[in-house]
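By convention in this document, chain letters (A, B, ...) are assigned in the order of the sequence lines, proteins followed by strands, and residues within each chain are numbered from 1.
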Amino acid sequence: MRRVFVVGVGMTRVGRRFDKGLGELAAEAIFRAIDDARGARPEALVVGNMMASSLFNQDNLGALVADYAGLRGVAAYHVEAACGSGGHAVVAGYSLVASGLYDVVLVVGVEKMCDYPTSVVTAALAQAADAEHELVYGISFPSLNALVMRLYMKTFGASREALAQWPVRMHEYGSRNPYAQLRFRISVDDVVRSPVIADPIRLLDSSPIGDGAAALVLASEDVARKLSDTPVEVAGVGMATDSVDLSSRMDLLDAPSVRLAAEKAYRMARVSPRDIDVAEVHDAFTVTGLLCLEALGFVERGKAWKEFADGRFGPGDKPSVNLSGGLKARGHPVGATGVYQVAEIAMQLRGDFPGVKAGSPSIGLAANFGGVATQTSVVVLRR
Amino acid sequence: MRRVFVVGVGMTRVGRRFDKGLGELAAEAIFRAIDDARGARPEALVVGNMMASSLFNQDNLGALVADYAGLRGVAAYHVEAACGSGGHAVVAGYSLVASGLYDVVLVVGVEKMCDYPTSVVTAALAQAADAEHELVYGISFPSLNALVMRLYMKTFGASREALAQWPVRMHEYGSRNPYAQLRFRISVDDVVRSPVIADPIRLLDSSPIGDGAAALVLASEDVARKLSDTPVEVAGVGMATDSVDLSSRMDLLDAPSVRLAAEKAYRMARVSPRDIDVAEVHDAFTVTGLLCLEALGFVERGKAWKEFADGRFGPGDKPSVNLSGGLKARGHPVGATGVYQVAEIAMQLRGDFPGVKAGSPSIGLAANFGGVATQTSVVVLRR
Amino acid sequence: MKVSPARVWRARGSRYRLEGSRCRDCGFTFYPPKPACPKCGSRNVERVQLPPRGRVVTWAVQYTVPEGFRSRAPIVAAIIELENGVRVLGTIVDVDPSEIRDGMTVEAQLRRVAEDGDEGLIVYGLKFVPAPRG
Amino acid sequence: MKVSPARVWRARGSRYRLEGSRCRDCGFTFYPPKPACPKCGSRNVERVQLPPRGRVVTWAVQYTVPEGFRSRAPIVAAIIELENGVRVLGTIVDVDPSEIRDGMTVEAQLRRVAEDGDEGLIVYGLKFVPAPRG
Ligand SMILES: [Zn+2]
Ligand SMILES: [Zn+2]
């Protein structure tokens, strides 16, 4: 297997970007990633996106983004895995380099969600659910996660206030990340009194709606040295699935797709959960952040809420988690999120992440999923 | 680079499949491919599809198909490249094996188009065009191809009757392919008198609307020997892009994405166009079939219409083209088509294609694109 | 969502009659029905009628609803464990959301669930209502 | 198609005023505008106003139209080569389709192009009409 390195990263600040369409916004992140990789010339492009089809009537997205970024002609395709599209695009891009097909591959995640009213975005997000047996009843994506949150709290005895520690800490980190959508601090009180979206999920348990794009330049070993002084190795990748419908899940408090994807990535990188210094996990909602910590093996089942509320997983801890502010505060432009995560971990390992730093980490991890842990990608990076 | 082999194929007959949804139809093809590969156990799944989002409100398609096919847990993602989604999914699946990430990978293309009225399907197909500058004006996908057809006929002096030879021959082949949607013969007269869809394109210049699924089992070299007595090597793959909008195309009668993708695939397989014995090319419309023959290097620019009308490219010719009946008669369930093509070529090379046979071919090629040659994948197979 | 007669017709078993699938190899019964078993992967599955009654395992009261469902807000989503142990995700109606309790018994009834705009098809399906005692 | 005020506003340059981009490095001018040059890849591009007049290079007369455009059928799609050589894909209106000829001169005018259902936004954009002689 050829070794693959991240040699360039680029992000846009998540937020309302009424000024740019899908192609222009993706190009903005791509230009930054290419500049960061000393003007690398990508031979192929993988685009992670969920909603271009349902909100913008735009397919053929790989070609569209290539052309808008001045890369007309390169190989390209679009990867969809709902809110996990970005992370899966990274794995797809990884395999294009590792296979020997291409030496330099660009991965970009892009999503535009702010153009439309919340009800329209809610309908588009619900496409992550089973259209025939969930979406048809008007059940929203937050609602599916609320089912899990209520069960988590009851089963493990977690209090509302304890869970609120997650968004509080995320906003704390986000306030120091220049790319974050929500750069203000909040209190436990703010969380538990914020408007109810899908009881027990409140507004501040939920990631915001935002536009954003993030890009990576991946390169093979020999090329990587020319494009970067601080290449970060993609040491392990894994992907796994669960059912789309929640009805037939074996255990709603397990996240087997996260567990299986992580096992594969750990095995490939020859590391264990204890070796991870810094991680970005998929906290689309408070409860999914907690489930990630458990399924990734950072903490025992049912204990993430307690250990997190007690202060674990902060900067310097092993691992420190979501120093970007996570989906909660950095933002969650759904199909782009997984690429943001890998870019942030790469920067933490290079030492130039512009927000809260993890210290001097050498191994990092990004976990991104579509649906309620329906399909997960895990990427392990090494300095 | 690890060698990759096709060790199993499975297809459904293209047509109206009101009895099955996306998951069930994909599973039908997957079951056949797995049975053909001696009960292979895939570790990963790549799903090619264009319209699940726009027609069925269903994202997270990789996980959905995995679960419906009894593969819950495997790695999965969905690849979109409009009508070229299937071929790009094959390349993505190839790279998952060639990279060493997985030994056995399933690729499935699935599309359901018959549930909705033609106007709704026309709108969904138009998502292959530029939403902001083409689709917004009500311009349809056949119309974009009609622009090219008129220009082709005028520039190269091709007559309406000569072009009609394409669909006539495709229906001849299709009538002998048990998987084909259109299994009846037609005459030149039928073509030139068929209803006008987007003048100069008539109904019989156009591929039909159909439901279908096709699947491949891909395996690494050592595993391939266990799963098949007649493994077919994926000897070369290539992908390339052009603009989505037709406005900024450099030359409407060239198809650079086909040319570039083919060059890459030829180089990798160490073959030239003259070595190809059997090919399946993307005749979504008569003119795109002709452009493919030219851009793939089988015939000079502007001469495909003449050589085809004169009888070239039949069984036994080098190459013989679209013996399946092509998109025109086998059918074009858009996101599945590229997988059908590779499955058909693999069967031609194994000698068990159940329709018109190419003789004893040893090298075959499949070319599939999304849009008007907007993004193309080319796969070269070797016996 | 987009609706078509074929699409609605295909889902008649699962959405009108609460049909699931049962694996003849490992015995796992599940909803919605699928052509293979999610537990053991076997294709040896059969359609089975699921019992209409069950108990609430967990629920959510959803105030933000997708486009097209405004008149139905708030929507109560729930996981119901049917009498044979099979779990079904559905909605609960005819009840004040504040009265829903863990373990509450509910029963499936055929109701109108969605419309395709003002002039399109009407989609029917099962909703759960509090079960009469006894 | 789905429409939003932001989406319509973003396209105002290209759809209301026929703006394209010009590459300051290689000189290539193209439509629609993009942040990089399709020919040389340079990001050194500027917005330019394109001339409203041009000649028909090729055209199609489209009888089967997407949902929402039934009242506009048949639609004439065409590639127009503007006076400065830039090509634009658009529609031609106010003409009997049988009268369209190769090289015919046409001119862009602002027209209504689509509606988001009965009560949604109205989208405007440029359509081409036969140009007055002179
Ligand atoms: Zn079973
Ligand atoms: Zn230029």
Side-chain angles (χ1 to χ4, degrees), chain B residues 54-55 116-127 129-155 195-203 205-206 209 241-253 256 285 287 372, chain D residues 1-3 7-8 10-11 14-15 20-21 28-34 37-39 50 56-82 86-93 97-98 100 102 111 113-114 123-128:
Chain B
S54 52
L55 293 184
Y116 296 96
T118 302
S119 60
V120 171
V121 179
T122 301
L125 283 169
Q127 296 199 167
D130 179 335
E132 305 300 344
H133 302 96
E134 294 174 349
L135 184 145
V136 70
Y137 294 106
I139 298 174
S140 72
F141 191 60
S143 208
L144 297 177
N145 287 279
L147 294 171
V148 179
M149 179 170 171
R150 186 184 301 273
L151 195 63
Y152 186 94
M153 291 171 71
K154 175 188 146 200
T155 308
V196 177
I197 293 176
D199 184 52
I201 286 181
R202 288 172 181 266
L203 185 65
D205 287 306
S206 169
I209 286 171
T241 49
D242 202 342
S243 61
V244 171
D245 58 88
L246 290 199
S247 295
S248 70
R249 291 283 173 97
M250 304 298 170
D251 177 352
L252 280 170
L253 299 178
F285 301 93
V287 70
V372 186
Chain D
M1 63 187 277
K2 277 200 177 65
V3 194
R7 188 175 180 185
V8 167
R10 273 198 302 275
S14 55
R15 278 216 303 261
S21 294
F28 186 57
T29 306
F30 52 95
Y31 179 90
K34 291 168 196 169
C37 174
K39 205 161 195 170
L50 301 175
V56 173
V57 174
T58 181
W59 74 99
V61 187
Q62 175 189 329
Y63 295 90
T64 304
V65 294
E67 189 65 19
F69 289 89
R70 212 165 296 180
S71 66
R72 291 186 167 85
I75 291 172
V76 178
I79 302 270
I80 316 291
E81 187 166 300
L82 303 176
V86 172
R87 290 186 171 195
V88 172
L89 173 62
T91 56
I92 303 179
V93 293
S98 69
I100 294 176
D102 252 339
R111 297 288 178 100
V113 306
V123 181
Y124 293 86
L126 296 169
K127 293 184 178 179
F128 290 89

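If you measure heavy-atom distances from D/Phe69 to chain B, the contacts under 4.5 Å come from the side chain alone. Neither the backbone nor the side chain of B/Asn145 has a heavy atom closer than 4.5 Å to any heavy atom of chain D. Interface remark: D/Arg10 contributes no atoms to any contact with chain B (heavy atom separation under 4.5 Å). With a 4.5 angstrom heavy-atom cutoff, D/Phe30 touches chain B only via side-chain atoms. Residue B/Leu125: no heavy atom, backbone or side chain, is found under 4.5 Å from chain D.
Using a cut-off of 4.0 Å between Lys/Arg side-chain N and Asp/Glu carboxylate O, D/Lys34 and B/Asp245 are scored as salt-bridged. Between B/Glu132 and D/Arg7 a salt bridge is recorded (basic side-chain N to carboxylate O distance below 4.0 Å).
Between B/Leu246 and D/Ile79 there is a side-chain heavy-atom pair separated by less than 4.5 Å. Between B/Pro142 and D/Gln62 there is no side-chain heavy-atom pair separated by less than 4.5 Å. Under the 4.5 Å side-chain criterion, counting only non-hydrogen atoms from C-beta, D/Arg70 is in contact with B/Ser119. Taking 4.5 Å as the limit, some side-chain heavy atom of B/Ile139 sits within range of a side-chain heavy atom of D/Thr91. D/Arg15 places a side-chain heavy atom less than 4.5 Å from the side chain of B/Tyr137.
Interface check for chain D: of the options B/Leu135, B/Val148, B/Asp130, the most heavy-atom pairs under 4.5 Å are formed by B/Leu135. For the set B/Ala131, B/Ser243, B/Ser54, B/Ala198, the entry with the most heavy-atom pairs within less than 4.5 Å of chain D is B/Ala198. When D/Ala77, D/Ala11, D/Pro32, D/Gly68 are compared by the number of non-hydrogen pairs under 4.5 Å with chain B, D/Pro32 comes out ahead. Contacts with chain B were tallied for D/Val88, D/Val76, D/Asp102; D/Asp102 has the most, counting heavy-atom pairs under 4.5 Å.
How far CD1 of D/Ile80 is from OG of B/Ser247: 9.5 Å, rounded to the nearest 0.5 Å. Distance check: B/Leu151 CG to D/Trp59 CH2 gives 10.5 Å after rounding to the nearest 0.5 Å. Distance check, rounded to the nearest 0.5 Å: CG of D/Leu89 to CG of B/Leu147 gives 6.0 Å. A distance of 11.0 Å separates OH of D/Tyr63 from OG of B/Ser143, quoted to the nearest 0.5 Å. Note that OH of B/Tyr116 and CD of D/Glu67 are 12.0 Å apart. Values are rounded to the nearest 0.5 Å.
Considering every non-hydrogen atom in both D/Val57 and B/Lys154, the closest pair reads O-NZ, 4.4 Å.
For the side-chain contact (heavy atoms from CB on, under 4.5 Å) criterion with B/Val136, the lone passing option out of D/Val3, D/Val123, D/Val8 is D/Val123.
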